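Data block below; observations after.
As the structure is a prediction and not an experimental result, all values here were calculated from the model. Only this structure's heavy atoms are used, side chains among them; waters, hydrogens and symmetry mates stay out. Throughout, protein chains are lettered first and strands after them, A, B, ... in sequence-line order, and every chain is numbered starting at 1.
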Amino acid sequence: MAKVPIEMVQEGWKVIAEVRDPSGRVLMNSGTTITLRQKESLMQYGVLVIDVQESDAAGDGTANAGDEERFQTAARTLEPLFVHADRSWDVVAAIHTAAVRMQMDRSPAEGSAQ
Amino acid sequence: MNPETMVQAFKACASPPVIYLRLNEEINHPDSSLGRVGKIIGEDASLSARLLRLVNSSFYGFPQRIGTINEAVFLVGSRQVRDLALVTTLKSSFGSIPRDLIDTESFWLHSLACGAAAKLIAQSMGKQDVERYFLLGVMHDIGRIVMFNMEPIRSEAILRRARSEARSLTDLEHEVFGFTHAQVGRALTEQWRLPVFLNEVVRYHHSPERASSFPEETAIVHTADILAHAVQLGASGESILPALHRPSWERLMIPTAGIERLMRSIHEETTAMAWLSSATEIGA
């Protein structure tokens, strides 16, 4: 997390503190994931710097070693969905990894509707 | 039965929602005005409320609250509001899917996820008219609702086979009916006289290599559909992930390292708009 000049902010980064205009009016709440359009709006409102966290979602394609068991359990749950997917293609492998990680994050109440 | 006769026999979708027709007529009139567009929407209190809720959601992320329909039409644009009006009225127009086949809300949730995915991909490509992509994504499987309602017994059988045999439902549709939901969707968009880009995208979202006039839009929705399946919100009836067409993916220039971020954004946006697919919205 860091204070970042608005020009440097990228789409998908998360705001971790309220964003205010120079007069102190709240423009964006903490927790908002920034879109390009929102970034342009903030620049128009005179915002110079914001507190953001670069998405930690963009990973390197491997599960955290400590979560290996949970990762494997989630992967087994998703196996029917990906059974014919060509995971030798890095794009499909990345989709699979992301889906498994999201499955790991899913609360029991949310479940899977597939 | 063929796709055209199936659509003609499904009375629930004889024409698009009346509000869409009225807005279209106003927008295409030489003396069209934003005020009159706002007035048409304002006559429907429920639609007005849903549109205001949508434009005040993370879909746009406007820094200030939009309080009136006229403000929304001015900020978002009349064509864009018309497209959003169609999205918000589609579910109530079609009614429910036979209970034994697939949960209606779950079906619409997958459609919303595809709409959110198409919108986010379009945004990442710098497209301005994101409502158009949202509408395309939401409508991509519209032909399936017609098939589920018109052929419930055979549809149930192929849904069960798709699960037990781990096969593509689209392939089974072709095998059993001789045509797919994509062709039925195309017949529907033709009957409704919707714009040709919608027709082509709905028709070729599983075979984007065949899109000739709107290959980019088709590639976006094809990819959005697959990502929507992967985030596991809702259900289209497919039990396996549809195959991703490599040239379509490459056309979109999405960095591989950004896939998880994109999928999480799809999940977030869809969850924030889930009220659009909720039962309480039927007939609202």
Side-chain angles (χ1 to χ4, degrees), chain A residues 10-15 19-21 25-29 31-42 44-45 47 54-61 77-87 89-103 105-106 110-114, chain B residues 58-64 102-103 105-107 109-110 113 119-120 123-128 130 163 166-168 223 226-244 246 249-250 252 254-269 271-272:
Chain A
Q10 292 182 23
E11 188 179 28
W13 288 11
K14 188 167 278 189
V15 173
V19 181
R20 295 172 182 269
D21 70 7
R25 186 173 47 161
V26 175
L27 300 175
M28 189 176 279
N29 291 324
T32 304
T33 301
I34 289 194
T35 65
L36 287 179
R37 194 179 286 190
Q38 288 170 324
K39 175 183 165 181
E40 285 164 11
S41 294
L42 293 178
Q44 284 168 5
Y45 276 91
V47 173
E54 184 176 355
S55 170
D56 59 3
D60 58 7
T77 304
L78 288 182
E79 191 53 30
L81 180 64
F82 283 87
V83 64
H84 297 312
D86 175 14
R87 278 170 270 179
W89 179 15
D90 64 339
V91 169
V92 176
I95 292 171
H96 176 253
T97 301
V100 172
R101 286 182 177 179
M102 291 170 75
Q103 176 72 23
D105 295 345
R106 209 174 291 259
E110 187 178 341
S112 166
Q114 286 291 327
Chain B
S58 59
F59 187 91
Y60 287 107
F62 287 126
Q64 285 166 307
I102 198 166
D103 177 67
E105 287 187 30
S106 194
F107 179 87
L109 189 59
H110 166 75
K119 177 217 166 206
L120 287 164
Q123 269 177 336
S124 76
M125 296 169 73
K127 305 286 181 195
Q128 295 300 312
V130 292
R163 278 191 291 269
R167 288 186 60 190
S168 152
T223 304
I226 288 156
L227 295 178
H229 277 99
V231 301
Q232 299 180 88
L233 282 175
S236 71
E238 290 285 3
S239 299
I240 60 169
L241 198 73
L244 181 59
R246 194 180 284 249
W249 171 265
E250 287 166 353
L252 308 183
I254 300 170
T256 308
I259 287 174
E260 185 164 341
R261 184 182 299 164
L262 174 60
M263 285 171 59
R264 288 181 183 275
S265 298
I266 293 166
H267 193 282
E268 258 179 46
E269 284 230 354
T271 306

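- In this structure, B:Glu268 and A:Lys14 have side chains that are in contact, with non-hydrogen atoms separated by less than 4.5 Å.
- B:Leu109 does not touch chain A: none of its heavy atoms, backbone or side chain, sits under 4.5 Å away.
- Both the backbone and the side chain of B:Ser124 come within contact range of chain A, each with at least one heavy atom under 4.5 Å from a heavy atom of that chain.
- Highest contact tally toward chain A, considering only B:Ile259, B:Ile226, B:Leu262, is held by B:Ile259 [criterion: heavy-atom pairs under 4.5 Å].
- Taking 4.5 Å as the limit, every side-chain heavy atom of A:Thr33 sits out of range of all side-chain heavy atoms of B:Arg264.
- What you find for B:Thr256 and A:Ala94 is that their closest heavy atoms are CG2-CB, 3.7 Å.
- Separation of atoms CZ (B:Phe62) and CD (A:Gln38) is listed at 10.0 Å; rounding is to 0.5 Å.
- Of all heavy-atom pairs spanning B:Leu244 and A:Trp89, the tightest one is O-CZ3, 3.6 Å.
- A distance of 6.5 Å separates OG1 of A:Thr35 from NZ of B:Lys119, quoted to the nearest 0.5 Å.
- Proximity to chain A (any heavy atom under 4.5 Å) is shown, for B:Arg246, by both the backbone and the side chain.
- Scanning all heavy atoms of the two residues, the minimum distance from B:His267 to A:Arg106 falls at NE2-NH1, 4.2 Å.
- The minimum heavy-atom distance between B:Arg261 and A:Gly12, with the atom names listed, is CD-CA, 4.1 Å.
- Within the 4.5 angstrom heavy-atom criterion, atoms from both the backbone and the side chain of A:Met102 approach chain B.
- In the displayed structure, A:Glu79 atom CD is contacted under 6.0 Å by more than 12 heavy atoms of other residues, nucleotides or ligands.
- At a 4.5 Å heavy-atom cutoff, the contact between B:Ala166 and chain A is made by backbone and side-chain atoms alike.
- Interface residue A:Val91: backbone and side-chain heavy atoms are both found under 4.5 Å from chain B.
- Contact record, B:Met263 with A:Ala98: SD-CB, 3.6 Å, taken as the closest heavy-atom pair.
- In this structure, A:Ala85 and B:Leu241 approach most closely via the heavy-atom pair CB-CD2, 4.4 Å.
- Counting heavy-atom pairs under 4.5 Å between each of B:Gln123, B:Gln64, B:Arg163 and chain A puts B:Gln64 at the top.
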